[in-house]
Amino acid sequence: MKRCHSFIFKFLNFYIASAVALLTLSGCIEEFDADIPSDDTDLLVVEGSICSSQLNKFILSRSQTVNSSNVPRIVTGATVIVRGSDGSEYLAQNVDGYYICQVGDLNPDVKYYLHIETDGEVYESEPQKPLPTEKIAGVDVLQYTPNSNLDVLVTPADPFDPNKVNYYSWTYDETWEVHPEHTTVIYFDIKTSTPVYDPYQFPARGWKNAKGSTILVGTSVGYEGQHIQKVKLYDIDRGNERMYYKYSGLVHQRAISKAEYEYEYARRQTSTEMGGLFTPLPSALPTNIHCLTSDKHVIGYVGCSLNTSEYRFFLQPMDYTIIRPYPEDTRIWLDDCDEYTCYKMVTKEGLYLCEWIDERYIPNGTLQTAWATDYQLDVRLRGATDVEPDFWSLTENVSY
């Protein structure tokens with residue numbers, strides 16, 4: 001699955017040793033999936049970074065050719081440990097295909113590395129001191145025309161060292177509010193054959209969560225004072241349900257080394273430009289992971305961060321021009337109904353009563369009812385949770 005987004009940045013073209021050029025690209029970072037020569041398959045692929053004071057997740061898999069199955073060949077049964085030059089160790093546990101460990105506070109003066117043992121081989125990443133990350137100064141969301149989507153732009157805080165080139169990696173999470181297609185405050189009691197008032201049988205609203213598919217890297221080359229300004233991370237379709245009620249995004253920012261930046265760019269180049277004149281073979285990707293017991297190549301780069309900065313922002317639909325479909329009444333209406341028909345709608349059709357308009361007490365009056373499915377009434381069946389996030393009541397953006 002591609003993790004892709006248009007992003008303008010300047011980079012060092014490190015493949016042509018005789019020339020250094022600043023280029024402007026519109027590209028994407030993608031999951032590694034390249035056509036690997038038959039004698040260079042089954043390489044260990046390592047994904048993940050060492051981050052202070054948080055749950056670290058590492059993914060181990062094996063490389064394969066583009067013509068093979070799309071199902072990742074996940075490595076299980078490995079020993080994965082985060083180690084420090086001071087003797088500290090954090091053992092990772094294999095959970096649902098991931099290797100997860102809670103890393104404590106990293107010491108800025110200690111070098112850390114990832115130790116892996118699998119299939120009789122030992123691998124380690126190069127020891128490195130954790131890099132500190134500046135806070136995020138702000139996130140801007142712009143809609144340039146009434147017909148355009150919403151662009152999410154990030155600006156880091158002033159760099160710690162304005163005389164040094166800075167490199168960053170950004171990811172994001174999303175949360176948005178959803179409402180049911182229809183609501184009801186009653187139900188049909190099959191024992192008494194009457195409608196009963198119950199406004200709490202279905203949640204009035206819910207929340208959906210998603211992890212952004214985009215991983216972006218950028219450099220401060222070309223920015224005044226090495227201070228990146230308003231880099232586009234992703235956009236939101238103005239007709240998507242994310243913008244119907246309320247939306248919140250959480251941007252994660254991590255300072256990375258020049259080498260990690262180059263690895264991420266090279267991985268993108270390999271995935272999108274395979275076969276180009278200067279395209280490196282997968283095994284030639286820059287890496288800081290090496291096999292200690294043989295000459296096997298490894299694909300991946302393990303970074304090390306002293307902290308990850310976060311910024312939570314909120315969007316309201318009234319502040320933008322969005323497309324929201326006109327609500328249609330898709331319920332089933334019965335214009336001349338009786339209690340037995342209602343009984344069958346519940347027991348045979350599995351439907352829920354929404355309206356009960358009883359005019360049988362007047363001449364020529366009838367009983368009119370409306371019915372809906374649980375999918376139309378329950379947001380939980382659409383992948384939402386009815387537990388309100390603890391940050392949902394916030395009224396201002398927050399930088400962590």
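Note that these values count all heavy atoms, side chains included, but never hydrogens, waters or copies made by symmetry. Sequence positions, counted from 1, serve as the residue numbers for this chain.
- Between Trp176 and Tyr247, the ring-plane angle classifies as parallel under the 30° and 60° cut-offs.
- By the rule that hydrophobic residues join a cluster once side-chain heavy atoms approach within less than 4.5 Å of another member, Phe314 and Leu233 end up as members of separate clusters.
- Between Tyr113 and Cys304, every side-chain heavy-atom pair lies at or beyond the 4.5 Å cut-off.
- Classified by interplanar angle (parallel below 30°, tilted 30° to 60°, perpendicular above 60°), the ring pair His179/Tyr245 is parallel.
- Looking at heavy atoms from C-beta onward, Asp173 lies in side-chain contact with His252 at the 4.5 angstrom threshold.
- With respect to the salt-bridge test (charged N to carboxylate O, under 4.0 angstrom), the residues Glu388 and Lys246 do not qualify.
- Counting heavy-atom neighbours within 6.0 Å of Glu328 CD, excluding the residue itself, gives a total of 12 or less.
- A heavy-atom distance below 4.5 Å is found between the side chains of Arg62 and Thr118.
- With hydrogens and angles disregarded, a donor-acceptor distance shorter than 3.5 Å links the side chain of Thr366 to the backbone of Asp335.
- Looking at Asp42 and Lys296, no side-chain N of the basic residue comes within less than 4.0 Å of a carboxylate O on the acidic one, giving no salt bridge.
- A distance-only check finds no donor-acceptor pair linking the side chain of Tyr167 to the backbone of Ala259 [under 3.5 Å].
- Around atom OH of Tyr98, no more than 12 heavy atoms belonging to other residues, nucleotides or ligands sit under 6.0 Å away.
- Using a cut-off of 4.0 Å between Lys/Arg side-chain N and Asp/Glu carboxylate O, Glu174 and Lys208 are scored as not salt-bridged.
- At distances below 3.5 Å, at least one donor-acceptor pair connects side-chain atoms of Asn288 with backbone N or O atoms of Val302.
- Judged by distance alone, with hydrogens and angles left aside, the side-chain atoms of Ser125 form a donor-acceptor pair with the main-chain N or O of Leu114 at under 3.5 Å.
- By the 4.5 Å heavy-atom criterion applied to side chains, Lys258 and Val165 are not counted as neighbours.
- With values rounded to the nearest 0.5 angstrom, Thr76 atom OG1 is found 9.0 Å from Ile74 atom CD1.
- Between Thr133 and Thr308, every side-chain heavy-atom pair lies at or beyond the 4.5 Å cut-off.
- Judged by distance alone, the side chain of Thr184 and the main-chain N or O of Leu353 form a donor-acceptor pair under 3.5 Å.
- In this structure, Glu310 contributes its side chain and Leu250 its backbone to no donor-acceptor pair below 3.5 Å.
- Looking at Thr293, its side chain does come within 3.5 Å of a backbone N or O of Val122 through a donor-acceptor pair.
- Between Cys354 and Leu377, the closest side-chain pair of non-hydrogen atoms falls below 4.5 Å.
- Judged by distance alone, the side chains of Thr330 and His182 do bring a donor and an acceptor atom under 3.5 Å apart.
- Within the 3.5 Å criterion, the main-chain N or O of Gly300 finds a donor-acceptor partner in the side chain of Thr287.
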Checklist entry - Can Glu262 and Tyr301 be said to form a side-chain hydrogen bond (donor to acceptor under 3.5 Å, both in side chains), step by step? => result CA-CA 10 Å; Glu262 291 176 343; Tyr301 195 101; over 6 Å; no
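- Neither side chain, Tyr352 nor Gln376, offers a donor N or O lying under 3.5 Å from an acceptor on the other.
- Looking at Arg205 and Glu177, a side-chain N of the basic residue comes within less than 4.0 Å of a carboxylate O on the acidic one, giving a salt bridge.
- Taking 4.0 Å as the cut-off between side-chain N and carboxylate O, Asp329 and Arg331 count as a salt-bridged pair.
- Between Val387 and Trp207, the shortest heavy-atom contact is O-CE3, 3.7 Å.
- Contact check for Leu55 versus Gln102: side-chain heavy atoms found under the 4.5 Å cut-off.
- The closest side-chain heavy-atom distance from Glu349 to Ile332 is not below 4.5 Å.
- Asn56 contributes a side-chain N or O that, together with a main-chain N or O of Cys51, makes up a donor-acceptor pair within less than 3.5 Å.
- Remark: Ser248 OG to Gln316 CD distance equals 10.5 Å, nearest 0.5 Å.
- Asn307 and Ser52 share no side-chain donor-acceptor pair at under 3.5 Å.
- Ser220 and Gln226 are linked by a side-chain donor-acceptor pair at a separation below 3.5 angstrom, with hydrogens and angles left out of the test.
- Taking the centre of each ring, Trp170 and Tyr172 stay at or above the 6.0 Å mark.
- Surrounding CD of Glu224 are at most 12 heavy atoms belonging to other residues, nucleotides or ligands under 6.0 Å away.
- Counting only distance, with no hydrogens or angles, the side chain of Asp378 and the backbone of Arg380 share a donor-acceptor pair below 3.5 Å.
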Item to check | Stepwise salt bridge (Lys or Arg N to Asp or Glu O under 4.0 Å) check, Arg360 with Asp358 | outcome: CA-CA 6 Å; Arg360 291 175 293 183; Asp358 193 351; 2.9 Å; yes
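- Environment of CZ in Phe391: crowded, with over 12 heavy atoms of neighbouring residues, nucleotides or ligands closer than 6.0 Å.
- Residues Asn147 and Thr145 have side chains that never bring a donor and an acceptor to within less than 3.5 angstrom of each other.
- Of the inter-residue distances, the one linking Leu367 atom CG with Thr341 atom OG1 reads 9.0 Å to the nearest 0.5 angstrom.
- Looking at Gln128 and Ser257, their side chains never bring a donor and an acceptor atom within 3.5 Å of each other.
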